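Worth saying up front: this structure is predicted, and the values here are computed from it rather than measured. We count ligands from 1, going down the list as the structure has it; atoms in each ligand are counted the same way.
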Amino acid sequence: MSSQDMDIGDQFRGEIENLIGQLQTALADAIRGMDERPALTPGADAALEVLKEPLPDTGCGAQQSIEKLLELNASASANTGGPKCFHFIIGGNTPAAMAADLLATAYETVTYTWVVSPVGVQMELQALDWLKELFGLPASMSGIMVTGATMANFVGIASARQWWGEQHGFDVSETGMAEKPQMPVLTSGFVHASTLKVLALQGVGRANVQQFCRDDFGRLDINAMEQALEDLNGQPALVIVNAGEVNAGEFDPVSDMIKLARKHNCWVHVDGAFGLFARVSPRIAHFAEGVEQADSVTVDGHKWLNVPFDSGYAFVRDHGLMVRAFRYSADYLPAEDNPRPTLGAIGPESSRRARSFAVWATLKAYGREGHRRIVEHCLDIAQHFAEQVRQHDRLELMADVTLNIVAFRFNPGGLTEQELDGLNQKLGEVVIADGRFMAGTSKIGPRTIFRPAFSNWRTRKQDVEEFATVVNELGQGLL
Ligand SMILES: Cc1ncc(COP(=O)(O)O)c(C=O)c1O
């Protein structure tokens with residue numbers, strides 16, 4: 001009997017048996033090979049040409065399609081979970097988190113509401129409670145797991161917007177914002193691009209964000225912010241505190257900003273996507289002192305918690321605001337007053353995968369102490385890399401290294417600042433094309449820099465020593 005004549009269920013059940021063996025080998029190779037695969041496989045463009053074929057009428061079956069996928073991954077992959085990826089801010093996976101996440105997929109767990117996954121929902125609530133303990137946030141804060149810090153910012157800012165409307169006497173989620181006053185949003189130049197995206201999506205508008213900067217790096221001008229708040233005369237406003245900016249790992253003055261905001265009628269949202277992890281280590285906790293007083297807080301898991309993509313968390317002081325901002329219901333869905341939790345009704349996503357499995361498993365496996373060690377390992381790696389930069393004549397540190405990001409550039413001497421910017425921009429492209437390491441460039445003020453971010457337990461001292469040598473070698477090749 002050809003597969004077309006078979007019952008689809010019988011066909012798939014038969015395939016699954018063969019797949020299990022294939023998967024065992026593929027997963028073992030994928031996991032064991034993480035340290036060795038290059039950061040970026042060269043020649044990806046040519047290998048990916050095959051991904052331009054028309055939809056097949058008759059498929060090739062699971063085994064062949066998975067073989068093809070493995071082949072494509074081998075010839076065009078980015079090893080973002082490996083020890084040599086320092087681009088953006090990309091964490092690794094703890095062993096427990098990786099295993100739990102694979103199981104979440106194998107069990108096809110949906111954590112929309114209690115009835116479709118009692119364990120997934122209860123585990124999310126427990127994991128969120130543990131995260132509050134880990135970060136020293138008030139136990140009374142409400143929380144929700146989302147895809148990442150962008151969506152966690154979305155939750156925090158949607159709750160802020162709901163509060164702002166209620167301060168003016170209307171319910172934004174019911175009436176919308178047409179013909180309403182402009183919501184004032186005040187922050188520093190460290191504000192992350194994702195926050196601006198969220199403000200665009202929520203009808204506030206990117207251009208309406210007021211950034212108070214005292215220098216071209218974007219550091220907060222607190223006096224100017226204070227004046228602007230005084231000028232508001234008690235009108236409700238949103239203050240966004242950036243606990244960790246992406247170019248050198250600097251922080252806004254968290255405590256001072258919150259103290260100032262508290263003298264006025266403000267909602268304080270803290271974006272601590274990776275910077276909130278400062279609170280996990282006594283060595284750097286002072287950077288994020290005061291966050292516990294915020295109204296809403298963003299933190300990412302797929303960065304420094306070392307759980308798989310995608311995973312971020314929003315914490316909001318007033319649960320009722322989350323309910324009013326995100327409520328939705330229908331006759332076939334759980335009623336709003338159902339005592340069992342419906343997590344899909346306090347956050348942006350309805351159907352949601354069980355991100356809780358990985359978070360719960362890693363916190364259970366390694367606890368507060370294990371996660372402090374991951375953070376401190378990355379701090380040590382950043383310091384070790386900074387030392388390499390100091391030792392190489394042609395590498396130059398461009399900012400103090402206080403967290404897990406090292407801003408530096410290639411500087412062979414004898415070039416103007418503009419020439420150095422051009423050279424480092426070009427070198428950034430060469431490093432990516434080389435593929436041994438993945439790291440990107442950015443700017444501090446007008447200056448072009450590399451900004452490797454170390455957030456993965458896998459990265460070893462020898463990896464960053466080699467990175468310094470490779471940048472130096474590729475830089476020389478451009479002279
Ligand atoms: C400070 C900050 N906020 C927000 C984000 C957006 O995070 P995500 O990509 O997880 O949505 C990032 C990502 O790097 C970040 O560093």
Proximal atoms of ligand 1 relative to [X] (non-hydrogen, under 4.0 Å):
| X | answer |
| --- | --- |
| G148 | 10 (O), 11 (O) |
| G244 | 1 (C) |
| D300 | 7 (O), 8 (P), 10 (O) |

Distance from [atom] to nearest protein heavy atom, with residue and atom:
| atom | answer |
| --- | --- |
| atom 1 (C) of ligand 1 | D271 OD2, 3.5 Å |
| atom 16 (O) of ligand 1 | V246 CG1, 3.3 Å |
| atom 11 (O) of ligand 1 | T150 OG1, 2.5 Å |
| atom 4 (C) of ligand 1 | S194 OG, 3.2 Å |

Any salt bridge between K461 and E465, counting N to O under 4.0 Å? no

Salt-bridge criterion met for R409 and E417 (N-O under 4.0 Å):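 Salt bridge: yes.
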
Can you confirm whether D421 sits close enough to R447 that some side-chain heavy atom of one is under 4.5 Å from a side-chain heavy atom of the other? yes

I'd like to check E396 versus V389 (side-chain heavy atoms, cut-off strictly below 4.5 Å). Are they in contact? no

Measure up the F277 and F135 rings against each other and bin them: parallel (under 30°), tilted (30 to 60°), perpendicular (over 60°).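 Judged by the thresholds at 30° and 60°, the geometry between F277 and F135 is perpendicular.
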
Going by distance only, is there an N or O of M151 that falls short of 3.5 Å from an N or O of ligand 1? no

Do the two ring centres, one from F190 and one from F217, sit under 6.0 Å apart? yes

Is the F408 to F385 ring centre distance short of 6.0 Å? yes

Should N306 and T94 be marked as a side chain to side chain donor-acceptor pair (under 3.5 Å) after you check the CA-CA gap, both sets of side-chain angles, and the distance that decides it? CA-CA 6 Å; N306 280 227; T94 66; over 6 Å; no

Proximity of E245 to ligand 1 by residue part, where a heavy atom lies under 4.0 Å: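 Contact part for E245 vs ligand 1: neither.
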
Tell me the contacting part of F274 for ligand 1: side chain, backbone, both, or neither, using a 4.0 Å heavy-atom threshold, strictly below.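 Side chain only; the backbone of F274 stays clear of ligand 1.
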
Looking only at non-hydrogen atoms, which of H192, H302, K303 approaches atom 7 (O) of ligand 1 most closely? K303

